[in-house]
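Everything below concerns the one structure shown next.
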Number of protein chains: 2
Amino acid sequence: MHESVATPLDAIDYRILQELSGDGRLSDVALGERVHLSSTAAARRRKILEERGAIRGYTADFDFGQLGLHMMALVSIELASQAEQALNEFETAVVRCPSMSFCSFVSGDTDFMMIVHVRSFEDYDRIYRSELSTLPHVARIRSSFVMRRVASRPVPPALLQPPAPQPGGGGGSGGRSLHHGLARV
Amino acid sequence: MHESVATPLDAIDYRILQELSGDGRLSDVALGERVHLSSTAAARRRKILEERGAIRGYTADFDFGQLGLHMMALVSIELASQAEQALNEFETAVVRCPSMSFCSFVSGDTDFMMIVHVRSFEDYDRIYRSELSTLPHVARIRSSFVMRRVASRPVPPALLQPPAPQPGGGGGSGGRSLHHGLARV
DNA sequence: GATGAAAGCAGTGCCTC
DNA sequence: GAGGCACTGCTTTCATC
């Protein structure tokens, strides 16, 4: 697996990503029409994007309410220790939380941020006690609840574009200089 | 108002949702095999789930790093006023933020939580000043950055199941194993 | 990137349980 | 009402240029 980007994505690749972001089940024929390519050319590009990992997969987007998941909680978790072993043990445990949708190690005044979907307040109470507060090394949990989703999209279409050239000519700091320190997010 | 829950989803429907959550481009033939149905029956159920809105759509899942989006920020925004007009004006403006992936009105000690993808620190600085701090009624912005994604999945498979029977009733069908791996981390 | 043939798939109507 | 089967027309795939 080559971590470095072998060939940069061109404008058509980004168009394909935009279309597949909007409809992941788009047929190759429809995809080709939208990016002004033949279906085979579109399919080939799509496959290359999948193989190089730019497209990691496809998923269905659900109505959480219809699935009975009426509440979404944003949970910030502070550990009692930030030693590597504590972080590792916490992370190993948290990926096994059945209710956890998202968890990341963050900078700032907390250690981890999680997104948790639950059915009800009772459900959250149960999960809080059985899944969250039993995670190792947890010192403090703060929860806030999503009252209303204002906007939600996998990636803003505006970001699915080739990196713009930096103003000022030779600057070139856009996009490729930040591999140190931040893992791929 | 008896149209809110037309027909409850059965166990096969939830199996279909699980499979499409893992691979949104699954063909009807493959879907049928996985849920032990013919392709036509699987396709019919999938279509019904789409039409009733349980499946809102399908989307591709990207490697943000390969797209040049090396940073993800969690931004909490507190407004100077929580009057309805202020909330409305803020929300109208925030959905136009090109870099915004997610925004919700939340309970707790802030008003809105956003997820923002950017290319670099320079990019974030630019977006902070041009997109975030110019939003109407903003009193305070706090950002934290995702250092590492520990886990990320659209919906935990464990939640894509029929609601468990209420305790005390008589339900004995709760022997569910939680061995689902994380689809993508 | 395009073309054409072959394989595979989706969509429909009809039948069974 | 729901599942399965067979047929028909597309779509995808893989040669090849």
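Reminder, nothing fancy here: chain letters follow the sequence lines and each chain counts from 1. Because the structure is predicted, anything quoted here is derived from the model rather than measured. All values below come from the heavy atoms of this structure, side chains included, with hydrogens, waters and symmetry mates left out.
Salt-bridge check for Asp63(B) with Arg56(A): failed, with every basic side-chain N at 4.0 Å or more from each acidic carboxylate O. For the pair Arg34(A) and Asp23(A), the salt-bridge criterion is not met [side-chain N within less than 4.0 Å of a carboxylate O]. Look at Arg126(A) and Glu122(A) and you find no salt bridge, because none of the NZ, NE, NH1 or NH2 atoms lies under 4.0 Å from a carboxylate O. Look at Asp10(B) and Arg15(B) and you find no salt bridge, because none of the NZ, NE, NH1 or NH2 atoms lies under 4.0 Å from a carboxylate O.
Regarding Arg46(A), its CZ atom lies at a distance of 14 Å from the C1' atom of dC14(D), rounded to whole Å. For the pair Leu31(A) CG and dG1(C) C1', the interatomic distance rounds to 15 Å; values are reported in whole Å. A straight line from CD of Glu51(A) to P of dT13(D) spans 11 Å, rounded to a whole angstrom. Between the NZ atom of Lys47(A) and the C1' atom of dT13(D) there is a distance of 8 Å, given to the nearest Å. Atom CD of Glu33(A) and atom C1' of dG1(C) are 17 Å apart (whole Å). One interatomic measurement links the two molecules: NE2 of His36(A) to P of dG1(C), which rounds to 14 Å at whole-angstrom precision.
Two residues, Leu37(A) and Arg25(A), neighbour DNA chain C, and the one matched to the more 5' nucleotide by heavy-atom proximity is Leu37(A). Comparing Ile12(B) and Ser39(A) against DNA chain D, the residue whose closest nucleotide sits nearer the 5' end is Ile12(B).
Counting only N and O atoms by type, the side chains of Glu19(A) and Tyr14(A) include no donor and acceptor under 3.5 Å apart.
Considering all non-hydrogen atoms of both residues, Gln18(B) and Leu160(B) come closest at NE2-O, 3.0 Å.
Between Arg45(A) and dG1(C) there is a side-chain N or O to OP1 or OP2 distance below 4.0 Å.
Applying the side-chain hydrogen bond (donor to acceptor under 3.5 Å, both in side chains) test to every pair with at least one member in residues 142-151 of chain A, sequence neighbours left out, gives these pairs: Glu78(A)-Arg142(A), Tyr124(A)-Ser143(A), Arg148(A)-Glu91(B), Arg149(A)-Ser152(A).
Environment of CD in Glu51(B): crowded, with over 12 heavy atoms of neighbouring residues, nucleotides or ligands closer than 6.0 Å.
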Got a list of protein N/O to nucleotides 5-9 of chain C N/O distances below 3.5 Å?
none

Tabulate protein N/O versus nucleotide N/O from nucleotides 15-17 of chain D, keeping only pairs under 3.5 Å, one per line.
none

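Not one N or O on the side chain of Ser99(A) forms a donor-acceptor pair closer than 3.5 Å with the backbone of Val116(A).
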